[in-house]
S.K.: 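Take this structure first; my questions come after.
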Amino acid sequence: MTNELKGKLMLVWTYITRDNPCLEKEQKIEGLDVLLPTWFNLTDGNGSMANRASSSYVGAAHRKGYSVWPLLSNSFSKQITTQFFKDTKAVNIFIARILAYSRLYNLDGII
């Protein structure tokens, strides 16, 4: 998406545990700039991740004028996060996956 965001941003966190909501059926929210779906979740210290991303969700968001910046989660685990950051190979694999998914799903940013 090529929207240039300036000034204040209105962000909405979208908690997704399984299925993505159908944005086509929802009305556009005036003033909303960015959707933050919880799509990428670090699942172990080796850099494995759960991916709940959706091309149709991104397309619908873009048609409504929203940017999509998925949230990266660490499973709220201090142990997994500590192990992960001690393993350079795991970090590099995770980053490479996020970059590939960013292109694949036409994402506008990452949080």
Side-chain angles (χ1 to χ4, degrees):
M1 179 160 195
T2 59
N3 283 358
E4 189 172 328
L5 302 173
K6 296 179 181 179
K8 292 182 181 182
L9 295 176
M10 186 165 136
L11 310 168
V12 173
W13 178 58
T14 308
Y15 184 62
I16 298 171
T17 58
R18 267 178 109 180
D19 299 326
N20 287 281
C22 181
L23 290 181
E24 294 291 350
K25 296 178 181 178
E26 296 182 17
Q27 288 186 339
K28 177 175 172 44
I29 300 171
E30 291 304 320
L32 179 59
D33 300 302
V34 183
L35 301 177
L36 307 169
T38 56
W39 280 345
F40 304 115
N41 187 13
L42 180 66
T43 58
D44 63 32
N46 300 317
S48 298
M49 74 167 58
N51 172 3
R52 294 180 187 89
S54 165
S55 294
S56 61
Y57 181 96
V58 173
H62 286 169
R63 285 188 291 280
K64 291 185 183 300
Y66 305 142
S67 293
V68 180
W69 301 351
L71 175 81
L72 303 179
S73 168
N74 65 347
S75 301
F76 300 101
S77 170
K78 181 179 177 181
Q79 183 180 18
I80 287 174
T81 305
T82 300
Q83 180 185 351
F84 171 70
F85 279 117
K86 287 182 179 181
D87 185 342
T88 304
K89 182 179 176 183
V91 170
N92 288 335
I93 289 170
F94 189 86
I95 291 170
R97 285 184 184 137
I98 290 300
L99 292 174
Y101 288 145
S102 293
R103 285 186 291 274
L104 177 67
Y105 295 109
N106 194 25
L107 303 176
D108 304 298
I110 297 287
I111 287 276

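Atom set for the values below is all heavy atoms of this structure, side chains included, hydrogens, waters and symmetry mates excluded. One-based numbering along the sequence shown.
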S.K.: Looking at every non-hydrogen atom in both residues, tell me the closest pair between Thr38 and Arg52 and how far apart they are.
M.R.: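 Of all heavy-atom pairs spanning Thr38 and Arg52, the closest is O-NH1, 4.2 Å.
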S.K.: Taking only residues two or more places apart in sequence or in another chain, which ones pass ring-ring contact (aromatic ring centres under 6.0 Å, His included) with Tyr15?
M.R.: Trp13
S.K.: Taking the side chain as every heavy atom from C-beta outward, state whether Tyr66 and Ile29 have any atom pair closer than 4.5 Å.
M.R.: yes
S.K.: Between Lys64 and Glu26, does any side-chain N to carboxylate O distance fall below 4.0 Å?
M.R.: no
S.K.: Calculate, to the nearest 0.5 Å, the distance between atoms CZ and OG1 belonging to Phe84 and Thr82 respectively.
M.R.: 11.5 Å
S.K.: Are Pro37 and Val68 packed together at the side-chain level, in the sense that at least one heavy-atom pair is separated by less than 4.5 angstrom?
M.R.: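 Yes - at least one pair of side-chain heavy atoms lies under 4.5 Å apart.
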S.K.: With a cut-off of 6.0 Å (strictly less than), are more than 12 heavy atoms of other residues, nucleotides or ligands near CD of Gln79?
M.R.: no
S.K.: Among Leu99, Asp87, Leu72, which residue satisfies the side-chain contact (heavy atoms from CB on, under 4.5 Å) criterion with Phe94?
M.R.: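 It is Leu72, the one option of Leu99, Asp87, Leu72 that forms the side-chain contact (heavy atoms from CB on, under 4.5 Å) with Phe94.
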S.K.: Give, for atom CG of Leu104 and atom OG of Ser55, the distance between the pair rounded to the nearest 0.5 Å.
M.R.: 5.5 Å
S.K.: How far apart are the closest heavy atoms of Gly109 and Pro70, and which atoms are they?
M.R.: O-CD, 3.2 Å
S.K.: Are Leu11 and Ile111 close enough that some pair of their side-chain heavy atoms sits under 4.5 Å apart?
M.R.: no
S.K.: If we only count heavy atoms from C-beta on, is the Trp69 to Asp33 side-chain gap below 4.5 Å?
M.R.: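 No; the side chains remain at least 4.5 Å from each other.
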S.K.: Do Ile98 and Ile93 belong together in a cluster built from hydrophobic side chains that touch within less than 4.5 Å?
M.R.: no
S.K.: Checking side-chain contact (heavy atoms from CB on, under 4.5 Å) between Trp39 and each of Leu71, Leu107, Ile110, which is the one that passes?
M.R.: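 It is Leu107; the other options fail the test.
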S.K.: Please examine the side chains of Met49 and Leu42, heavy atoms only from C-beta on, and report whether any two atoms are closer than 4.5 Å.
M.R.: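 No - every pair of side-chain heavy atoms lies 4.5 Å or more apart.
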